[in-house]
Amino acid sequence: MANILLTGSAGAIGRRIGPELIQAGHAVRGYDLFPTEWAEDAVTADLTDREAMAEALLGIDTVIHLAANPFGKTPFADLLQPNYVGPRQLVELAAGQGTLRRLVLASTIQVYRGHKGLPHEQRAQHGGMEDVAPTNDYALSKVWLEHLGEWAAREYGWSVLAVRIGWFVRNDKEHAALAEATQAHGWYLSHGDTRRFFRAAVEADYAGFHVVNAVSNPPPGGANCSPQPASDTLGWTPKDRFEPGH
């Protein structure tokens, strides 16, 4: 079983996958700027707090890094600390402690947005780093994060997974917005598939660096974002599909 540090543990995704991992028998330590109510073992601190992060990494062999400023229209100055300095420092501190073996990084499907207008088969199918076309500073920070992961895999021999997370619907308003955006139904990621995906990200046998899409099943007639790279790497297959009326 893994000893996991989950950053962003109080967020919408973190508070759903943390309990899933604990139920599967893993030890999970939360880390968030806000209290992690579901976790008995948690650190409440800023991502860039060097002392708090060093302590949180003690005994950790797996990091799931979700924490970030997640807003697409955020100016670069507000992304610098949480989206660049924080993850870079996390990698540095983990390497110094020497116990880390696996790093799972939350990227975003927004890295593909500049491909608008291309046929589905030409976009987001392979999960490769050459396929990116970010259109805002947030997506650009995630492209940088993926490159940080690739470097860390080479430098430290870790297994590193860069996860381009789909449209994770948080509330009824977001569900309604996705229902109207029919061209985006192939970006959808259900809560159930999210929980199963991150369990596979921890438990599957893979080495080196991989980029995958975390999305649910595509709508009938095709997909604009393929789950196949994740299936190939993790043995994970999505079970759900977006249903506009539910």
Stepwise ring pair (Phe, Tyr, Trp, His ring centres under 6.0 Å) check, Trp187 with Phe168: CA-CA 9 Å; Trp187 301 122; Phe168 181 89; over 10 Å; no

If you apply the rule side chain to side chain donor-acceptor pair (under 3.5 Å), what do you find for Arg102 with Ser159, and how did you get there? CA-CA 5 Å; Arg102 177 161 295 184; Ser159 62; 2.8 Å; yes

Dump the intermediate steps for side chain to side chain donor-acceptor pair (under 3.5 Å) on Asp61 and Thr99, then the final yes or no. CA-CA 5 Å; Asp61 55 58; Thr99 59; over 6 Å; no

Please walk me through it: do Arg196 and Asp240 pass salt bridge (Lys or Arg N to Asp or Glu O under 4.0 Å)? CA-CA 11 Å; Arg196 291 183 287 270; Asp240 301 329; 3.3 Å; yes

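Applying the 6.0 Å contact sphere to CG of Asp205 captures no more than 12 heavy atoms from other residues, nucleotides or ligands.
The CG atom of Leu6 lies 8.5 Å from the CG atom of Asp32; values are rounded to the nearest 0.5 Å.
Donor-acceptor pairing under 3.5 Å is lacking for the side chains of Tyr188 and Asn217.
Separation of the Trp236 and Phe198 ring centroids does not fall under the 6.0 Å cut-off.
Using the six-membered ring where Trp is involved, Tyr84 and Trp144 have ring planes that are tilted, between 30° and 60° apart.
Distance alone, capped at 3.5 Å, is enough to place a donor-acceptor pair between the Gln89 side chain and the Thr48 backbone.
The salt bridge (Lys or Arg N to Asp or Glu O under 4.0 Å) check on Glu55 picks up nothing, with sequence neighbours excluded.
We find that Arg164 and Glu146 are joined by a salt bridge, their nearest charged nitrogen and carboxylate oxygen being less than 4.0 Å apart.
Across all non-hydrogen atoms, the minimal contact from Val212 to Phe197 is CG2-CZ, 3.8 Å. Heavy-atom minimum distance, Pro87 versus Leu47: CD-CD2, 4.1 Å.
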